[in-house]
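Below is one structure, written out as C-alpha cells, with a few remarks after it.
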Number of protein chains: 2
Amino acid sequence: MKEYYKKVQEFCKKNDLDIDTEWIFKALCHSSYANEVVRKGMNVESNERLEFLGDAVLALSLADLLYREYDVDEGVMSKTRAVVASEKVLAEVARNMNIGEYLLLGKGELKTGGRGRDSILADAFEAILGALYLSEGFEIARNFVKEKLGIYIEKALNKELVLDYKTTLQELTQGNLGVRPEYSYIENIGTPQNKLFHVEVRVNGKALAVGYGKTKKAAEQDAARKAYEKLLKDLEEQGIEPKNSERLT
Amino acid sequence: MKEYYKKVQEFCKKNDLDIDTEWIFKALCHSSYANEVVRKGMNVESNERLEFLGDAVLALSLADLLYREYDVDEGVMSKTRAVVASEKVLAEVARNMNIGEYLLLGKGELKTGGRGRDSILADAFEAILGALYLSEGFEIARNFVKEKLGIYIEKALNKELVLDYKTTLQELTQGNLGVRPEYSYIENIGTPQNKLFHVEVRVNGKALAVGYGKTKKAAEQDAARKAYEKLLKDLEEQGIEPKNSERLT
C-alpha cells in the first residue's frame, strides 16, 4: 500500500494535480474494488459519489468556458458540451493522463481489461475532478478542465469533433457479430410544423433500439447511440471484451 | 427605463442579491422581449445563455450540498437533485422572490399571463443564478442556492416532495409536440399476492416507455418518468430547448 501511495503521488505530480492524496485515492477507487474490500470487512467508499459531483463540476466548467469565451447561442453551447463531456472524449483524456494504471479495480474488472475500458476511465476522470473541486475549490477545477478539454471545445465548435454513433455501432457489430446494422425509417411522430422522426435499428434482424430526431439523420444517430450502448452492455455482461476501434470523427 | 432600474435595484435589495444591475437586467430579459426590441433595431440579448449557465450552477450547487451534508448514495443524490431542480420547485421559489413582477416580456407573453408561467419563472431563476455566479463567483451563488433551496432538499429526502411525472411529461409533450400522452394498462406480471403492474405510455400513438409498479398509479409514474427522461434527452441532444406548456394548478 505504501508503494501505491508513492505511485499515486507521482501521478498527481505528473498531471499537475496539487491535491490531497486522500481525495485522489478515493477518486481512483472503482466500485468493483470497494465491493471486494467491503466483503473482507473493511470500510472503503467507491468513487461513485465523487463521480456524481465531478460530473457537475465538469458541466459548469464547460458552460462557463462556453459562456465567457465563445459567442455562441445556448443551443450550440448545449450540443458542444454534450460532445466534449462524452465518454469517448473523457476516456481519451484519462488515457493521456495515464489514469488506468493507477485505478483500484476488483479482480473481475482487472481480468476483463477494466483498466482500458472507456466507461471506467471516463468515470474516474470525473471523480478526480470532483476530488480536485473539494480539495482546491471551483476555480482550480475549472482551470484544470480548461487545460485538459479546451482543445476539444475548439474542435467541437469547428465541427472537427462529432460523435458519429452510426460508425461506432457498425464497428462494434462487425467486430463482434460479423454483420452491419440496418436502419428503417418508421414515421414522423411529430406534427408537420414540428417534426420528430422515428427510426429503428436492427442487427441480425433483431430490433435493438429506436431513435428520435428532428431530422432522419438525427434520429438514426439517436438509434445508433442507444443500440451501441445496449450492445456494449450486453457484451460486457457476458464477459466479452468488445472489439471495436473507438471513433471520434 | 429609469423607473425600471430603480425597481430592479429594489428587487435585488429585497432578495439579498448583491449583484451588478447590468447582470440582473440581462437575467430578467425574456427572449420574447429581446426579439421585440431587436425587431426595432436595438441590440438586446435575452436571458437564454445565462439560463444555460445558471442551470449548471444550480446542478453543481445541489450536488455539492448533497455530497457534503448528506450521507446518501449517488442514486439518491441524483433523484433528489432532479426533484429540487424541477420546474415546479424553481417556479415556486421564483414566485416567493416575486421575480414575475420584474420580468421584461414581449407583448404576446404579457397578454397570455407570462409573468405567472412556471417555465418562464423557473428559467428566470436559473438566469439570475447565472448572473450571480458571473458577478460574484461560485461560492456566493452556491450559498444563495442553499438559502433558497435547502428546505426543498430536506423535503425531497424526507419524501415530502415528489415529482408528478405524469403532469411533467404531459407539459413536455404538449409544449413540444402538441399532444397528450396516453397510458395503457398491459397486465399484472406479478402474482396475485405480489402484484407488479405493467403500463405502457404512448405519444402520438408510438410507445415511448413501459413502467412497472406495485400499483397501477406507481406503474404509470414509472412509465411517465422513463418517457420524460427519454424525450428530454432526445431534445437536448438535438440542441432543442424543451418547451413546457403552461400548467394550471
Side-chain angles (χ1 to χ4, degrees), chain A residues 31 45-64 66-68 70-83 130 133-134 137-139 141-142 163 186-191 193-196 198 210-215 218-219 221-222 225-226, chain B residues 31 45-68 70-78 81 123 127 130 133-134 137-139 141-142 173 175-179 202-208 230-231 233-241 243:
Chain A
S31 55
E45 198 187 308
S46 81
N47 65 4
E48 286 168 304
R49 297 178 81 233
L50 271 181
E51 179 210 332
F52 179 80
L53 184 64
D55 179 83
V57 173
L58 177 63
L60 178 55
S61 299
L62 293 172
D64 176 311
L66 285 162
Y67 188 95
R68 289 191 214 246
Y70 300 93
D71 184 23
V72 291
D73 69 31
E74 65 287 354
V76 175
M77 289 167 90
S78 173
K79 266 189 210 168
T80 304
R81 186 173 65 184
V83 175
Y133 166 76
L134 288 172
F138 180 70
E139 295 294 307
R142 186 193 52 194
L163 285 181
I186 312 255
E187 62 184 318
N188 170 19
I189 60 165
T191 59
Q193 289 77 34
N194 210 347
K195 289 177 180 170
L196 189 65
H198 182 181
V210 290
Y212 304 92
K214 285 270 165 199
T215 62
Q221 282 290 333
D222 185 47
R225 179 183 55 77
K226 289 172 183 163
Chain B
S31 55
E45 199 188 307
S46 82
N47 65 3
E48 286 169 303
R49 296 178 82 235
L50 271 180
E51 179 210 333
F52 179 81
L53 183 64
D55 178 83
V57 173
L58 178 64
L60 178 55
S61 300
L62 293 171
D64 176 309
L65 294 169
L66 285 161
Y67 189 94
R68 290 190 213 245
Y70 300 93
D71 186 24
V72 291
D73 70 29
E74 66 288 354
V76 175
M77 290 168 87
S78 173
R81 186 173 66 183
D123 290 354
Y133 165 77
L134 288 173
F138 180 70
E139 294 295 307
R142 187 193 52 194
T173 59
N176 294 274
L177 308 168
V179 294
R202 304 171 83 84
V203 172
N204 267 341
K206 276 289 132 202
L208 264 193
K230 197 168 184 176
L231 206 52
K233 209 172 161 204
D234 289 345
L235 292 169
E236 278 172 3
E237 276 173 7
Q238 294 159 45
I240 299 165
E241 184 71 10
K243 291 188 287 281

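Note on naming: letters A, B, ... go to the chains in the order of the sequence lines (proteins, then strands), and numbering restarts at 1 for each one.
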Worksheet item: Rounded to the nearest 0.5 Å, what separation is found between the CD atom of B:Glu51 and the CE atom of A:Met77?
Response: 10.5 Å
Practice prompt. Kindly indicate whether the side chain of B:Lys206, heavy atoms from C-beta on, has any atom under 4.5 Å from the side chain of A:His198.
Written response: yes
Worksheet item: Given the options B:Leu134, B:Val203, B:Val179, which has more heavy-atom pairs under 4.5 Å with chain A than any of the others?
Response: B:Leu134
Response to the item:
Answer key: most heavy-atom pairs under 4.5 Å with chain B among A:Val57, A:Leu62, A:Asp55, A:Asp64 is A:Asp64
Response to the item:
Heavy-atom nearest pair, A:Arg49 first then B:Tyr70, reads NH2-O, 2.8 Å
Fill in: Heavy atoms of other groups near B:Lys230 NZ, more than 12 under 6.0 Å
yes
Worksheet item: Which region of A:Lys226, side chain (C-beta onward) or backbone (N, CA, C, O), has a non-hydrogen atom less than 4.5 Å from a non-hydrogen atom of chain B, or is it both or neither?
Response: side chain
Worksheet, complete the sentence: All heavy atoms of B:Ala56 vs all of A:Ala63, minimum pair found to be CB-CB, 4.1 Å
Worksheet item: Could you go step by step and tell me if A:Tyr212 and B:Leu231 meet the side-chain contact (heavy atoms from CB on, under 4.5 Å) rule?
Response: CA-CA 8 Å; A:Tyr212 304 92; B:Leu231 206 52; 5.8 Å; no
Worksheet item: Where on B:Phe138 is there a heavy atom nearer than 4.5 Å to chain A: the side chain, the backbone, both, or neither?
Response: side chain
Response to the item:
With chain B, the option among A:Val210, A:Thr215, A:Val72 that has the most non-hydrogen atom pairs under 4.5 Å is A:Val72
Discussion item. Within this structure, what is the CD-CG distance for the pair A:Glu45 and B:Asp73, rounded to the nearest 0.5 Å?
Written reply: 9.5 Å
Item to complete: Give, as side chain, backbone, both or neither, the part of B:Ser78 having an atom under 4.5 angstrom from any heavy atom of chain A.
Response: both
Worksheet item: Checking B:Leu50 against chain A: side chain, backbone, both or neither under 4.5 Å from a heavy atom?
Response: both
Worksheet item: Taking atom CD of A:Glu74 and atom CG of B:Leu53, what is their separation to the nearest 0.5 Å?
Response: 12.0 Å
